[in-house]
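Here the structure is a predicted model, which is why all the values come from computation and not from measurement. Convention: sequence-line order gives letters A, B, ...; per-chain numbering from 1.
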Amino acid sequence: MLRNIPLQPPLSSTTCPTRIEMPNQQTAESTPLLVVDQLSLNISGQTILSDINLQLGEREILTLIGPNGSGKSSLVRIILGLLTPTKGACRLKKGIRIGYMPQHLQVGSLMPLTVSRFLLLGGKTSQKKVMEALAEVGASKIASAQIHTISGGEMQRTLLARALLREPQLLVLDEPVQGVDINGQVALYKLIQEIRDRYGCSILMVSHDLHLVMASTDRVICLNHHICCSGTPDIVTKDPAYSELFGSSQVALYSHHHDHTHDLSGKVIKCNQKSEGNQDG
Amino acid sequence: MDDFLLRALLAGYGVAILAGPLGTFIVWRRMAYFGEALSHSALLGIALGLLIGISSQITVIVISVALAISITLLRHRGELSSDALLGIFSHSALSLGLIALSFMESVRVDLIGYLFGDVLAVTQNDVYWIASIDVAVLLTLFFIWRPLLALSVDEELAQVEGTPVARTRLIFMLLIATVIAVAMKIVGILLITSLLIIPAAAARPISNSPEQMALFATAIGALSVSFGLWGSLQWDTPTGPSIVIAATVLFLIAQTRAILR
(Lines give C-alpha, C1' and ligand atoms only; values in the text may rest on other atoms or scores of the structure.)
Protein backbone atom coordinates (compact mmCIF):
# COMPACT_ATOMS: atom_id res chain seq x y z
CA MET A 1 0.00 0.00 0.00
CA LEU A 2 2.61 2.49 1.07
CA ARG A 3 4.76 1.93 -1.95
CA ASN A 4 1.90 2.93 -4.17
CA ILE A 5 1.72 6.45 -2.88
CA PRO A 6 4.77 7.84 -4.75
CA LEU A 7 3.45 6.24 -7.91
CA GLN A 8 0.47 8.53 -7.99
CA PRO A 9 1.93 11.93 -8.81
CA PRO A 10 -1.36 13.56 -9.86
CA LEU A 11 -2.80 13.03 -6.41
CA SER A 12 0.06 14.39 -4.40
CA SER A 13 1.28 17.08 -6.75
CA THR A 14 -2.02 18.95 -6.65
CA THR A 15 -1.71 19.61 -2.97
CA CYS A 16 1.94 19.41 -2.17
CA PRO A 17 3.68 22.00 -4.37
CA THR A 18 1.36 24.70 -3.10
CA ARG A 19 2.13 23.63 0.39
CA ILE A 20 5.84 23.91 -0.14
CA GLU A 21 6.04 27.06 -2.17
CA MET A 22 3.44 29.15 -0.46
CA PRO A 23 3.36 27.94 3.09
CA ASN A 24 1.59 30.97 4.46
CA GLN A 25 -1.15 31.08 1.92
CA GLN A 26 -1.91 27.46 1.43
CA THR A 27 -5.05 27.58 3.55
CA ALA A 28 -6.57 30.03 1.09
CA GLU A 29 -6.76 27.15 -1.39
CA SER A 30 -9.64 25.38 0.34
CA THR A 31 -12.17 26.50 2.92
CA PRO A 32 -10.46 26.09 6.26
CA LEU A 33 -11.86 23.56 8.72
CA LEU A 34 -10.78 25.68 11.61
CA VAL A 35 -10.25 29.40 12.02
CA VAL A 36 -8.92 30.88 15.22
CA ASP A 37 -9.42 34.61 15.19
CA GLN A 38 -7.63 37.04 17.52
CA LEU A 39 -8.11 34.73 20.41
CA SER A 40 -6.99 35.52 23.96
CA LEU A 41 -7.32 33.68 27.22
CA ASN A 42 -6.78 35.08 30.69
CA ILE A 43 -7.15 32.98 33.78
CA SER A 44 -7.22 34.85 37.10
CA GLY A 45 -5.29 37.80 35.73
CA GLN A 46 -2.67 35.73 33.95
CA THR A 47 -2.34 35.81 30.22
CA ILE A 48 -2.37 32.25 28.96
CA LEU A 49 -2.91 33.06 25.30
CA SER A 50 -2.82 36.38 23.54
CA ASP A 51 -3.90 37.33 20.04
CA ILE A 52 -3.78 33.89 18.46
CA ASN A 53 -4.65 33.66 14.78
CA LEU A 54 -4.48 30.43 12.90
CA GLN A 55 -6.18 28.42 10.21
CA LEU A 56 -6.25 24.76 9.42
CA GLY A 57 -6.97 23.61 5.89
CA GLU A 58 -8.23 20.31 4.60
CA ARG A 59 -5.80 17.38 4.76
CA GLU A 60 -3.28 19.54 6.53
CA ILE A 61 -1.16 18.48 9.47
CA LEU A 62 -0.49 21.36 11.83
CA THR A 63 1.68 20.96 14.89
CA LEU A 64 1.71 23.23 17.91
CA ILE A 65 5.05 23.20 19.65
CA GLY A 66 6.16 25.13 22.65
CA PRO A 67 7.64 24.72 26.11
CA ASN A 68 5.64 23.42 29.06
CA GLY A 69 3.04 25.89 30.23
CA SER A 70 3.08 27.81 26.95
CA GLY A 71 -0.67 27.47 26.46
CA LYS A 72 -0.68 24.65 23.90
CA SER A 73 -3.16 22.51 25.75
CA SER A 74 -5.35 25.50 26.59
CA LEU A 75 -5.55 26.39 22.91
CA VAL A 76 -6.52 22.83 22.06
CA ARG A 77 -9.13 22.80 24.80
CA ILE A 78 -10.64 26.00 23.42
CA ILE A 79 -10.76 24.51 19.95
CA LEU A 80 -12.49 21.43 21.35
CA GLY A 81 -15.04 23.57 23.15
CA LEU A 82 -13.90 22.53 26.62
CA LEU A 83 -12.74 26.04 27.52
CA THR A 84 -14.17 29.45 26.66
CA PRO A 85 -11.75 32.12 25.41
CA THR A 86 -11.67 35.53 27.08
CA LYS A 87 -11.58 37.31 23.75
CA GLY A 88 -11.74 36.39 20.10
CA ALA A 89 -13.35 33.43 18.44
CA CYS A 90 -12.68 29.92 17.30
CA ARG A 91 -14.77 28.73 14.39
CA LEU A 92 -15.05 25.15 13.25
CA LYS A 93 -16.65 24.06 9.99
CA LYS A 94 -20.33 23.31 10.61
CA GLY A 95 -21.11 19.74 11.57
CA ILE A 96 -17.47 18.72 11.58
CA ARG A 97 -16.63 15.32 13.08
CA ILE A 98 -13.76 15.61 15.51
CA GLY A 99 -11.66 12.74 16.76
CA TYR A 100 -9.85 13.68 19.95
CA MET A 101 -6.95 11.88 21.52
CA PRO A 102 -6.38 13.31 24.98
CA GLN A 103 -2.91 13.70 26.42
CA HIS A 104 -3.71 11.49 29.32
CA LEU A 105 -6.54 9.23 30.25
CA GLN A 106 -6.61 6.83 33.10
CA VAL A 107 -9.30 4.29 33.65
CA GLY A 108 -9.04 3.28 37.27
CA SER A 109 -8.87 -0.38 38.17
CA LEU A 110 -12.27 0.06 39.83
CA MET A 111 -14.04 -0.34 36.51
CA PRO A 112 -13.81 -3.70 34.77
CA LEU A 113 -13.52 -2.61 31.15
CA THR A 114 -11.91 -4.31 28.19
CA VAL A 115 -10.12 -2.30 25.52
CA SER A 116 -12.73 -3.15 22.91
CA ARG A 117 -15.57 -2.15 25.24
CA PHE A 118 -13.77 1.14 25.89
CA LEU A 119 -13.68 1.73 22.16
CA LEU A 120 -17.37 0.92 21.80
CA LEU A 121 -18.12 3.72 24.26
CA GLY A 122 -16.90 6.32 21.76
CA GLY A 123 -20.19 6.53 19.92
CA LYS A 124 -22.19 4.74 17.28
CA THR A 125 -19.90 1.97 16.14
CA SER A 126 -19.71 -1.80 15.91
CA GLN A 127 -17.51 -4.57 17.23
CA LYS A 128 -16.26 -5.13 13.67
CA LYS A 129 -15.19 -1.50 13.27
CA VAL A 130 -13.55 -1.60 16.66
CA MET A 131 -11.45 -4.56 15.60
CA GLU A 132 -10.53 -2.80 12.37
CA ALA A 133 -9.49 0.34 14.22
CA LEU A 134 -7.38 -1.69 16.62
CA ALA A 135 -5.73 -3.46 13.70
CA GLU A 136 -5.05 -0.11 12.09
CA VAL A 137 -3.14 1.19 15.10
CA GLY A 138 -1.42 -2.17 15.55
CA ALA A 139 -3.07 -3.08 18.82
CA SER A 140 -5.26 -6.05 17.87
CA LYS A 141 -3.81 -8.30 20.50
CA ILE A 142 -5.01 -6.18 23.41
CA ALA A 143 -8.67 -6.09 22.30
CA SER A 144 -9.88 -8.23 25.17
CA ALA A 145 -7.34 -7.04 27.75
CA GLN A 146 -8.61 -5.10 30.76
CA ILE A 147 -7.80 -1.48 30.04
CA HIS A 148 -6.13 -0.73 33.36
CA THR A 149 -3.55 -3.43 32.69
CA ILE A 150 -2.21 -2.17 29.34
CA SER A 151 1.04 -0.20 28.95
CA GLY A 152 1.39 3.52 28.24
CA GLY A 153 2.18 2.96 24.57
CA GLU A 154 -0.75 0.60 24.18
CA MET A 155 -2.98 3.19 25.82
CA GLN A 156 -1.85 5.83 23.30
CA ARG A 157 -2.70 3.47 20.46
CA THR A 158 -6.04 2.64 22.02
CA LEU A 159 -6.87 6.34 22.36
CA LEU A 160 -5.88 6.89 18.74
CA ALA A 161 -8.15 4.01 17.70
CA ARG A 162 -11.01 5.60 19.62
CA ALA A 163 -10.46 8.91 17.83
CA LEU A 164 -10.35 7.11 14.47
CA LEU A 165 -13.62 5.29 15.13
CA ARG A 166 -15.38 8.61 14.83
CA GLU A 167 -14.27 8.76 11.18
CA PRO A 168 -12.96 12.23 11.88
CA GLN A 169 -12.60 15.14 9.52
CA LEU A 170 -10.42 16.77 12.13
CA LEU A 171 -8.15 14.74 14.33
CA VAL A 172 -6.87 16.50 17.44
CA LEU A 173 -3.90 14.80 19.06
CA ASP A 174 -2.58 16.14 22.35
CA GLU A 175 0.97 14.86 22.83
CA PRO A 176 0.27 11.65 20.93
CA VAL A 177 3.63 10.00 21.58
CA GLN A 178 3.84 10.69 25.27
CA GLY A 179 5.20 7.74 27.21
CA VAL A 180 6.18 5.87 24.06
CA ASP A 181 9.77 4.76 23.45
CA ILE A 182 11.76 6.19 20.52
CA ASN A 183 11.04 3.37 18.08
CA GLY A 184 7.41 3.50 19.00
CA GLN A 185 7.41 7.27 18.45
CA VAL A 186 8.76 6.95 14.93
CA ALA A 187 6.15 4.31 14.17
CA LEU A 188 3.36 6.36 15.71
CA TYR A 189 4.21 9.51 13.73
CA LYS A 190 4.38 7.42 10.61
CA LEU A 191 0.97 6.01 11.42
CA ILE A 192 -0.43 9.51 11.92
CA GLN A 193 0.69 10.49 8.44
CA GLU A 194 -0.77 7.34 6.96
CA ILE A 195 -4.04 8.13 8.71
CA ARG A 196 -4.14 11.55 7.09
CA ASP A 197 -3.70 9.94 3.68
CA ARG A 198 -6.23 7.20 4.32
CA TYR A 199 -8.96 9.25 5.95
CA GLY A 200 -8.24 12.52 4.16
CA CYS A 201 -8.61 14.30 7.48
CA SER A 202 -6.83 17.31 8.88
CA ILE A 203 -4.69 16.84 11.94
CA LEU A 204 -3.96 19.26 14.74
CA MET A 205 -1.19 17.97 16.92
CA VAL A 206 0.39 19.22 20.12
CA SER A 207 3.93 18.22 20.82
CA HIS A 208 6.92 19.24 22.82
CA ASP A 209 9.10 16.75 21.11
CA LEU A 210 11.11 18.62 18.49
CA HIS A 211 12.93 16.02 16.47
CA LEU A 212 10.55 13.47 15.13
CA VAL A 213 7.47 15.60 14.81
CA MET A 214 9.11 17.93 12.30
CA ALA A 215 9.25 15.22 9.68
CA SER A 216 5.59 14.39 9.95
CA THR A 217 3.99 17.81 9.88
CA ASP A 218 3.11 20.23 7.08
CA ARG A 219 3.15 23.31 9.19
CA VAL A 220 4.39 24.25 12.63
CA ILE A 221 3.25 26.90 15.04
CA CYS A 222 5.62 27.85 17.79
CA LEU A 223 3.64 28.90 20.79
CA ASN A 224 4.72 30.68 23.93
CA HIS A 225 1.51 32.41 25.05
CA HIS A 226 1.58 34.14 21.68
CA ILE A 227 2.57 32.78 18.28
CA CYS A 228 6.35 33.20 18.06
CA CYS A 229 6.70 31.96 14.53
CA SER A 230 4.93 29.69 12.12
CA GLY A 231 5.37 28.08 8.75
CA THR A 232 6.76 24.89 7.26
CA PRO A 233 9.23 23.04 9.46
CA ASP A 234 12.28 24.24 7.51
CA ILE A 235 11.21 27.86 7.75
CA VAL A 236 10.35 27.67 11.43
CA THR A 237 13.56 25.96 12.42
CA LYS A 238 15.56 28.79 10.80
CA ASP A 239 13.52 31.46 12.52
CA PRO A 240 15.41 33.37 15.21
CA ALA A 241 12.36 33.20 17.47
CA TYR A 242 12.52 29.44 17.28
CA SER A 243 16.16 29.25 18.25
CA GLU A 244 15.50 31.64 21.09
CA LEU A 245 12.73 29.41 22.40
CA PHE A 246 14.41 26.07 22.02
CA GLY A 247 18.13 26.85 21.70
CA SER A 248 20.12 26.99 18.49
CA SER A 249 21.54 23.49 18.85
CA GLN A 250 18.25 22.12 17.59
CA VAL A 251 18.43 23.83 14.22
CA ALA A 252 21.22 21.82 12.69
CA LEU A 253 19.50 18.58 13.54
CA TYR A 254 16.39 19.55 11.69
CA SER A 255 17.44 21.09 8.45
CA HIS A 256 18.82 17.74 7.52
CA HIS A 257 15.39 16.21 7.95
CA HIS A 258 13.63 18.90 6.03
CA ASP A 259 15.74 18.96 2.92
CA HIS A 260 14.68 15.45 2.31
CA THR A 261 11.12 15.67 3.44
CA HIS A 262 10.11 18.58 1.34
CA ASP A 263 11.85 17.80 -1.89
CA LEU A 264 10.01 14.53 -2.18
CA SER A 265 6.52 15.43 -1.21
CA GLY A 266 4.99 12.01 -1.65
CA LYS A 267 7.85 10.08 -0.16
CA VAL A 268 7.72 11.61 3.24
CA ILE A 269 7.61 8.34 5.06
CA LYS A 270 10.34 6.60 3.17
CA CYS A 271 12.55 9.61 3.41
CA ASN A 272 12.01 9.78 7.11
CA GLN A 273 13.07 6.18 7.51
CA LYS A 274 16.25 6.81 5.62
CA SER A 275 17.28 9.75 7.71
CA GLU A 276 16.55 7.76 10.84
CA GLY A 277 18.85 5.09 9.53
CA ASN A 278 21.58 7.63 8.91
CA GLN A 279 21.38 8.90 12.43
CA ASP A 280 21.69 5.42 13.83
CA GLY A 281 24.73 4.71 11.69
CA MET B 1 -43.17 -16.00 57.44
CA ASP B 2 -44.66 -13.03 59.26
CA ASP B 3 -46.10 -10.24 57.17
CA PHE B 4 -43.82 -7.57 58.55
CA LEU B 5 -40.82 -9.73 57.73
CA LEU B 6 -41.96 -10.30 54.18
CA ARG B 7 -42.52 -6.57 53.72
CA ALA B 8 -39.09 -5.83 55.16
CA LEU B 9 -37.51 -8.35 52.82
CA LEU B 10 -39.31 -6.99 49.76
CA ALA B 11 -38.46 -3.40 50.64
CA GLY B 12 -34.83 -4.40 51.20
CA TYR B 13 -34.64 -6.15 47.83
CA GLY B 14 -36.28 -3.14 46.21
CA VAL B 15 -33.53 -0.93 47.54
CA ALA B 16 -30.77 -3.42 46.70
CA ILE B 17 -31.91 -3.48 43.06
CA LEU B 18 -31.30 0.28 42.84
CA ALA B 19 -28.26 0.44 45.08
CA GLY B 20 -26.43 -2.15 42.95
CA PRO B 21 -26.07 -0.27 39.66
CA LEU B 22 -26.11 3.24 41.15
CA GLY B 23 -23.59 2.31 43.83
CA THR B 24 -21.36 0.86 41.11
CA PHE B 25 -21.35 4.21 39.33
CA ILE B 26 -20.68 6.00 42.63
CA VAL B 27 -17.63 3.78 43.12
CA TRP B 28 -16.39 4.36 39.55
CA ARG B 29 -16.94 8.08 39.73
CA ARG B 30 -15.39 8.30 43.21
CA MET B 31 -18.47 9.97 44.57
CA ALA B 32 -18.70 8.21 47.93
CA TYR B 33 -18.40 11.47 49.86
CA PHE B 34 -20.84 13.09 47.52
CA GLY B 35 -23.39 10.36 48.25
CA GLU B 36 -22.76 10.80 51.94
CA ALA B 37 -23.36 14.55 51.78
CA LEU B 38 -26.62 13.98 49.94
CA SER B 39 -27.82 11.35 52.36
CA HIS B 40 -26.99 13.51 55.37
CA SER B 41 -29.10 16.26 53.90
CA ALA B 42 -32.07 13.90 53.96
CA LEU B 43 -32.74 14.76 57.60
CA LEU B 44 -33.27 18.36 56.59
CA GLY B 45 -35.68 17.12 53.93
CA ILE B 46 -37.63 15.15 56.53
CA ALA B 47 -37.88 18.22 58.77
CA LEU B 48 -39.08 20.30 55.85
CA GLY B 49 -41.68 17.68 54.97
CA LEU B 50 -43.02 17.66 58.52
CA LEU B 51 -43.04 21.44 58.61
CA ILE B 52 -45.10 21.98 55.49
CA GLY B 53 -47.05 18.77 55.87
CA ILE B 54 -46.23 16.89 52.66
CA SER B 55 -44.62 13.51 52.12
CA SER B 56 -41.08 13.61 53.45
CA GLN B 57 -39.93 11.43 50.58
CA ILE B 58 -40.61 14.25 48.14
CA THR B 59 -38.94 16.92 50.26
CA VAL B 60 -35.93 14.65 50.74
CA ILE B 61 -35.52 14.39 46.98
CA VAL B 62 -35.94 18.15 46.54
CA ILE B 63 -33.40 19.01 49.24
CA SER B 64 -30.76 16.56 48.04
CA VAL B 65 -31.09 17.67 44.43
CA ALA B 66 -30.74 21.31 45.54
CA LEU B 67 -27.66 20.33 47.52
CA ALA B 68 -26.22 18.33 44.62
CA ILE B 69 -26.57 21.30 42.30
CA SER B 70 -25.00 23.75 44.73
CA ILE B 71 -22.07 21.41 45.35
CA THR B 72 -21.54 21.06 41.61
CA LEU B 73 -21.63 24.82 41.08
CA LEU B 74 -19.29 25.56 43.98
CA ARG B 75 -16.88 22.86 42.92
CA HIS B 76 -16.56 24.52 39.52
CA ARG B 77 -15.34 27.68 41.20
CA GLY B 78 -12.65 25.46 42.57
CA GLU B 79 -11.46 27.45 45.56
CA LEU B 80 -11.90 24.60 47.99
CA SER B 81 -10.91 21.01 47.41
CA SER B 82 -13.77 18.68 46.72
CA ASP B 83 -13.46 16.60 49.85
CA ALA B 84 -13.33 19.64 52.12
CA LEU B 85 -16.36 21.11 50.37
CA LEU B 86 -18.27 17.85 50.68
CA GLY B 87 -17.30 17.55 54.35
CA ILE B 88 -18.65 21.02 55.04
CA PHE B 89 -21.91 20.35 53.25
CA SER B 90 -22.35 16.89 54.67
CA HIS B 91 -22.03 17.80 58.31
CA SER B 92 -23.77 21.17 58.09
CA ALA B 93 -26.74 19.49 56.45
CA LEU B 94 -26.89 16.83 59.15
CA SER B 95 -26.62 19.36 61.97
CA LEU B 96 -29.15 21.66 60.39
CA GLY B 97 -31.55 18.73 60.06
CA LEU B 98 -31.10 17.76 63.72
CA ILE B 99 -31.71 21.35 64.84
CA ALA B 100 -34.77 21.71 62.63
CA LEU B 101 -36.24 18.50 64.04
CA SER B 102 -35.59 19.62 67.62
CA PHE B 103 -37.80 22.66 67.04
CA MET B 104 -40.77 20.49 66.19
CA GLU B 105 -42.01 19.68 69.62
CA SER B 106 -45.51 18.94 68.42
CA VAL B 107 -44.33 16.04 66.28
CA ARG B 108 -42.89 12.95 67.86
CA VAL B 109 -39.99 12.03 65.68
CA ASP B 110 -38.32 8.66 65.68
CA LEU B 111 -34.83 10.06 65.27
CA ILE B 112 -33.05 6.75 65.69
CA GLY B 113 -35.35 5.30 63.04
CA TYR B 114 -34.36 8.00 60.59
CA LEU B 115 -30.66 7.78 61.37
CA PHE B 116 -30.27 4.01 61.36
CA GLY B 117 -33.36 2.74 59.58
CA ASP B 118 -36.45 0.90 60.66
CA VAL B 119 -37.06 -1.72 58.04
CA LEU B 120 -39.40 -3.74 60.25
CA ALA B 121 -41.83 -0.80 60.29
CA VAL B 122 -42.21 -0.83 56.50
CA THR B 123 -45.87 -0.65 55.44
CA GLN B 124 -47.63 -2.15 52.49
CA ASN B 125 -47.75 1.29 50.88
CA ASP B 126 -44.00 1.68 51.33
CA VAL B 127 -43.46 -1.55 49.41
CA TYR B 128 -45.61 -0.31 46.51
CA TRP B 129 -43.84 3.04 46.56
CA ILE B 130 -40.44 1.34 46.43
CA ALA B 131 -41.56 -0.95 43.62
CA SER B 132 -42.73 1.94 41.46
CA ILE B 133 -39.57 3.94 42.16
CA ASP B 134 -37.58 0.84 41.15
CA VAL B 135 -39.28 0.72 37.79
CA ALA B 136 -38.83 4.45 37.14
CA VAL B 137 -35.17 4.55 38.19
CA LEU B 138 -34.18 1.39 36.33
CA LEU B 139 -35.86 2.58 33.15
CA THR B 140 -34.10 5.94 33.36
CA LEU B 141 -30.81 4.22 34.07
CA PHE B 142 -31.30 1.98 31.07
CA PHE B 143 -31.65 5.01 28.80
CA ILE B 144 -28.65 6.90 30.14
CA TRP B 145 -26.45 3.83 30.59
CA ARG B 146 -24.06 4.36 27.67
CA PRO B 147 -23.53 8.11 28.12
CA LEU B 148 -23.19 7.67 31.87
CA LEU B 149 -20.61 4.95 31.37
CA ALA B 150 -18.76 7.08 28.82
CA LEU B 151 -18.52 10.07 31.13
CA SER B 152 -17.57 7.87 34.07
CA VAL B 153 -14.53 6.81 32.04
CA ASP B 154 -13.58 10.35 31.02
CA GLU B 155 -15.83 13.40 31.05
CA GLU B 156 -13.82 15.56 28.65
CA LEU B 157 -13.45 12.88 26.02
CA ALA B 158 -17.17 12.13 26.33
CA GLN B 159 -17.98 15.81 25.91
CA VAL B 160 -15.83 16.20 22.81
CA GLU B 161 -17.50 13.11 21.38
CA GLY B 162 -20.88 14.77 21.78
CA THR B 163 -22.17 12.95 24.86
CA PRO B 164 -24.65 15.19 26.72
CA VAL B 165 -22.43 15.39 29.79
CA ALA B 166 -24.23 18.04 31.87
CA ARG B 167 -27.66 16.50 31.29
CA THR B 168 -26.51 12.96 32.07
CA ARG B 169 -24.75 14.11 35.22
CA LEU B 170 -27.87 15.92 36.40
CA ILE B 171 -30.08 12.89 35.77
CA PHE B 172 -27.61 10.71 37.64
CA MET B 173 -27.75 13.04 40.65
CA LEU B 174 -31.54 12.93 40.55
CA LEU B 175 -31.39 9.14 40.61
CA ILE B 176 -29.07 9.15 43.60
CA ALA B 177 -31.34 11.56 45.45
CA THR B 178 -34.29 9.28 44.71
CA VAL B 179 -32.48 6.21 45.98
CA ILE B 180 -31.60 8.04 49.16
CA ALA B 181 -35.23 8.94 49.73
CA VAL B 182 -36.17 5.30 49.28
CA ALA B 183 -33.30 3.74 51.18
CA MET B 184 -33.43 5.88 54.30
CA LYS B 185 -36.27 3.80 55.72
CA ILE B 186 -34.29 0.59 55.27
CA VAL B 187 -30.82 1.38 56.57
CA GLY B 188 -31.18 4.98 57.73
CA ILE B 189 -29.56 8.22 56.69
CA LEU B 190 -26.19 7.48 58.25
CA LEU B 191 -25.80 4.10 56.59
CA ILE B 192 -27.21 4.65 53.09
CA THR B 193 -23.81 5.22 51.50
CA SER B 194 -22.58 1.90 52.79
CA LEU B 195 -25.41 0.08 51.02
CA LEU B 196 -24.40 1.87 47.82
CA ILE B 197 -20.67 1.31 48.06
CA ILE B 198 -20.01 -1.97 49.86
CA PRO B 199 -21.90 -4.31 47.49
CA ALA B 200 -20.32 -2.57 44.47
CA ALA B 201 -16.84 -2.89 45.97
CA ALA B 202 -17.51 -6.54 46.80
CA ALA B 203 -18.61 -7.17 43.22
CA ARG B 204 -15.44 -5.68 41.65
CA PRO B 205 -13.04 -8.66 41.96
CA ILE B 206 -15.55 -11.11 40.49
CA SER B 207 -16.64 -8.96 37.53
CA ASN B 208 -15.28 -8.66 34.00
CA SER B 209 -17.58 -6.02 32.56
CA PRO B 210 -19.38 -2.93 33.85
CA GLU B 211 -22.79 -4.60 33.53
CA GLN B 212 -21.62 -7.70 35.36
CA MET B 213 -20.36 -5.56 38.21
CA ALA B 214 -23.72 -3.78 38.49
CA LEU B 215 -25.61 -7.09 38.49
CA PHE B 216 -23.31 -8.73 41.03
CA ALA B 217 -23.58 -5.64 43.22
CA THR B 218 -27.35 -6.00 43.16
CA ALA B 219 -27.12 -9.69 44.03
CA ILE B 220 -24.68 -9.01 46.86
CA GLY B 221 -26.94 -6.23 48.13
CA ALA B 222 -29.92 -8.59 48.13
CA LEU B 223 -27.91 -11.26 49.95
CA SER B 224 -26.86 -8.68 52.52
CA VAL B 225 -30.49 -7.75 53.12
CA SER B 226 -31.41 -11.41 53.59
CA PHE B 227 -28.52 -12.22 55.90
CA GLY B 228 -28.90 -8.94 57.76
CA LEU B 229 -32.58 -9.52 58.45
CA TRP B 230 -31.94 -13.08 59.47
CA GLY B 231 -29.10 -12.10 61.78
CA SER B 232 -31.14 -9.31 63.25
CA LEU B 233 -33.91 -11.74 64.20
CA GLN B 234 -31.50 -14.42 65.35
CA TRP B 235 -29.43 -12.24 67.66
CA ASP B 236 -31.87 -9.40 68.24
CA THR B 237 -29.53 -6.83 66.71
CA PRO B 238 -30.59 -3.55 65.04
CA THR B 239 -31.64 -4.33 61.46
CA GLY B 240 -29.98 -1.53 59.46
CA PRO B 241 -26.51 -2.05 60.91
CA SER B 242 -26.93 -5.82 60.58
CA ILE B 243 -27.55 -5.45 56.84
CA VAL B 244 -24.45 -3.29 56.50
CA ILE B 245 -22.32 -5.78 58.42
CA ALA B 246 -23.63 -8.62 56.27
CA ALA B 247 -22.51 -6.64 53.21
CA THR B 248 -19.12 -6.07 54.80
CA VAL B 249 -18.69 -9.79 55.44
CA LEU B 250 -19.50 -10.51 51.79
CA PHE B 251 -17.01 -7.82 50.75
CA LEU B 252 -14.30 -9.43 52.88
CA ILE B 253 -15.02 -12.86 51.40
CA ALA B 254 -14.77 -11.47 47.85
CA GLN B 255 -11.50 -9.68 48.68
CA THR B 256 -9.99 -12.76 50.31
CA ARG B 257 -10.95 -14.86 47.32
CA ALA B 258 -9.33 -12.33 45.00
CA ILE B 259 -6.12 -12.28 47.02
CA LEU B 260 -5.88 -16.07 47.29
CA ARG B 261 -6.41 -16.57 43.58
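The existence of a salt bridge linking A:R97 and B:E161 is excluded, since no basic side-chain nitrogen approaches an acidic carboxylate oxygen closer than 4.0 Å.
Between B:N208 and A:T114 the shortest side-chain heavy-atom distance does not fall below 4.5 Å. Between A:P112 and B:Q212 the shortest side-chain heavy-atom distance does not fall below 4.5 Å. Under the 4.5 Å side-chain criterion, counting only non-hydrogen atoms from C-beta, B:R30 is in contact with A:L110.
Taking CG of B:L149 as the reference point, atom CZ of A:F118 lies at 11.0 Å (rounded to 0.5 Å). Note that the CG atom of B:D154 and the CG atom of A:L121 stand 11.0 Å from one another [nearest 0.5 Å].
Contacts between B:T163 and chain A at a heavy-atom distance below 4.5 Å are absent for every atom of the residue.
In this structure, the side chain of A:R117 does not engage the main chain of B:S209 through any donor-acceptor pair within 3.5 Å. Under a 3.5 Å cut-off, the side chain of B:R204 and the backbone N or O of A:S109 do form a donor-acceptor pair.
Per-residue counts of heavy-atom pairs under 4.5 Å with chain A were compared for B:P210, B:S207, B:A150; the largest is that of B:P210.
Within 6.0 Å of OH in B:Y33 there are 12 or fewer heavy atoms belonging to other residues, nucleotides or ligands.
In terms of heavy-atom proximity, A:Y100 sits nearest to B:E156 at OH-OE1, 4.5 Å.
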